[in-house]
There are 2 protein chains.
Amino acid sequence: MRIGELAAQAGMTKDTIRFYEKVGLVAGHRLANGYRDFPPETVVWLHYVRTAQKLGFSLAEIARHGEDLRDAPDSAQALSTLFEEKIQVIDERMAELGALRAELTARVGTGCPLRAN
Amino acid sequence: MRIGELAAQAGMTKDTIRFYEKVGLVAGHRLANGYRDFPPETVVWLHYVRTAQKLGFSLAEIARHGEDLRDAPDSAQALSTLFEEKIQVIDERMAELGALRAELTARVGTGCPLRAN
DNA sequence: CTTGACCTTGGAGCCTACTCCACCCTTTAG
DNA sequence: CTAAAGGGTGGAGTAGGCTCCAAGGTCAAG
């Protein structure tokens, strides 16, 4: 799969994908003519990248997730452990969101301002 | 309350607070000697800023939250409506996190890789 | 054999959110 | 009176994450 199609399927620009390759977030091998060629799973990976990013992970962190996955001894066991770690991080984020939500909920109906002027 | 104490209580540097003032995130009036003077509620507001930011809102968005709050007709009703809006945004974020979590959970135990190489 | 869509590589530029610096003023304590 | 602790300004610099050229190679269709 070449970069244009990947970009379309992942919902980002080619420039962004080239940038991601530069920072090690995606790995591209090349065709004889120099064009990048990506395996189809890259689409899934890029969707994961977008999601993780929206949820507050930096590209560096996400790249580390990717390396963890790649470098793990390839037992399903090791992979599961890694996924469980990420799930814990997510649960922490969700707890924070819950706290913010509670803070706002507590103010609904109170007329108590969050910001003075 | 002067900038140093505010910085200490809000857990950020004075420079950051001055920067926030520049972009309209906090409003400072001045003492006779030119020093900034902040009302105590600013601490609460800055904590809110930090939290909202960790959860993926940009400073511009957060500033808008602040303006919404300030500009609202000052009935408790209007404030509540605004808070409820923010809560909805949070609920959307939480749903996204939940989706990511589910994606990872589904892979636990499968040995199915997220990233190809 | 040219046109058009697709790809390549630098490298510059932009936005966000700080962070640091130099230089200067104010206030309080000894 | 002086030193230390706090404050003020303007402006430069940084890191992260793109985004946009310009100049040029590749390839299938007509």
Side-chain angles (χ1 to χ4, degrees), chain A residues 1-40 42-43 45-67 89 93 96 100 115, chain B residues 1-40 42-43 45-67 89 93 96 100 115:
Chain A
M1 168 180 260
R2 289 179 308 177
I3 197 169
E5 195 190 343
L6 178 59
Q9 289 198 26
M12 53 185 71
T13 69
K14 296 178 223 171
D15 269 337
T16 300
I17 292 173
R18 290 195 195 100
F19 171 74
Y20 283 176
E21 191 190 30
K22 195 154 39 178
V23 300
L25 211 55
V26 292
H29 39 271
R30 303 302 181 103
L31 299 171
N33 59 11
Y35 287 12
R36 285 171 185 83
D37 186 36
F38 300 96
T42 311
V43 177
W45 171 241
L46 287 179
H47 280 304
Y48 171 80
V49 170
R50 268 283 172 270
T51 314
Q53 205 184 4
K54 261 201 290 193
L55 300 172
F57 298 95
S58 71
L59 293 190
E61 285 172 315
I62 301 169
R64 248 172 281 132
H65 299 186
E67 266 153 46
V89 176
R93 284 269 203 290
E96 289 180 279
L100 182 61
R115 185 191 188 185
Chain B
M1 168 182 259
R2 289 177 310 175
I3 198 169
E5 196 190 342
L6 178 59
Q9 290 197 26
M12 53 186 70
T13 68
K14 296 179 225 170
D15 268 337
T16 300
I17 292 173
R18 291 194 197 102
F19 170 73
Y20 283 176
E21 191 191 31
K22 195 155 39 182
V23 300
L25 212 55
V26 291
H29 39 269
R30 303 303 181 102
L31 299 171
N33 58 13
Y35 288 13
R36 284 169 186 84
D37 185 37
F38 300 96
T42 311
V43 177
W45 171 243
L46 287 179
H47 281 302
Y48 171 80
V49 170
R50 268 283 171 272
T51 314
Q53 206 184 2
K54 261 202 292 194
L55 300 173
F57 298 94
S58 70
L59 294 190
E61 284 172 315
I62 301 169
R64 248 173 281 132
H65 298 188
E67 266 153 45
V89 176
R93 284 269 203 290
E96 290 179 277
L100 182 62
R115 183 191 190 184

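Residue numbers begin at 1 in each chain, while the letters A, B, ... track the order of the sequences.
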4.5 Å side-chain heavy-atom contact, B:Glu61 and B:Arg64
yes
Are the side chain of B:His47 and the backbone of B:Gly11 linked by a donor-acceptor contact shorter than 3.5 Å?
no
Is there a side-chain contact between B:Glu96 and A:Thr51 in this structure, where contact means two heavy atoms from C-beta onward sitting under 4.5 Å apart?
no
Within the sub-3.5 Å range, which N or O atoms of nucleotides 2-8 of chain D have a protein N or O partner, and how far apart are they?
from, atom 1, to, atom 2, distance (Å)
D:dG6, N2, B:Tyr35, OH, 2.7
D:dG7, OP1, B:Gly4, N, 2.7
D:dG7, OP2, B:Lys14, NZ, 3.1
D:dG8, OP1, B:Arg36, N, 2.7
D:dG8, OP1, B:Arg36, NH1, 2.8
D:dG8, OP2, B:Arg18, NE, 3.3
D:dG8, OP2, B:Arg18, NH2, 3.3
D:dG8, OP2, B:Arg36, NH1, 3.2
D:dG8, O3', B:Arg30, NH1, 3.4

Length of the CE-C1' vector between B:Met12 and C:dA17, whole Å:
12 Å
Give the ring-plane orientation class for A:Phe57 versus A:His65, where under 30° counts as parallel, over 60° as perpendicular and anything between as tilted.
perpendicular
Whole-Å distance, A:Phe19 CZ to C:dG13 P, equals 18 Å
Starting at the 5' end of nucleotides 11-16 of chain D, put B wherever the base has a protein heavy atom under 4.0 Å, S where only the sugar-phosphate does, and a dash everywhere else.
------
Taken to the nearest whole Å, CD1/B:Ile62 to P/C:dT16 is 13 Å
Just by distance, do the side chain of A:Asp37 and the backbone of A:Arg30 share a donor-acceptor pair under 3.5 Å?
no
Who are the side-chain contact (heavy atoms from CB on, under 4.5 Å) partners of A:Lys14, not counting sequence neighbours?
A:Ile3, A:Ala7, A:Arg18
Using atom CZ of A:Arg50 as one end and atom P of D:dG17 as the other, report the distance to the nearest whole Å.
11 Å
Kindly indicate whether the side chain of B:Phe38, heavy atoms from C-beta on, has any atom under 4.5 Å from the side chain of B:Leu46.
no
Whether A:Tyr20 contacts D:dC18 is assessed here as follows: a side-chain N or O lying under 4.0 Å from the phosphate OP1 or OP2. Is that the case?
yes
With heavy-atom distances below 4.5 Å as the criterion, would you say the side chains of A:Met1 and A:Val43 are in contact?
yes
It should be established whether B:Thr16 places a side-chain nitrogen or oxygen under 4.0 Å from OP1 or OP2 of nucleotide C:dA17.
no
Spacing of A:Ile17 atom CD1 relative to D:dT19 atom P, expressed in whole Å
12 Å
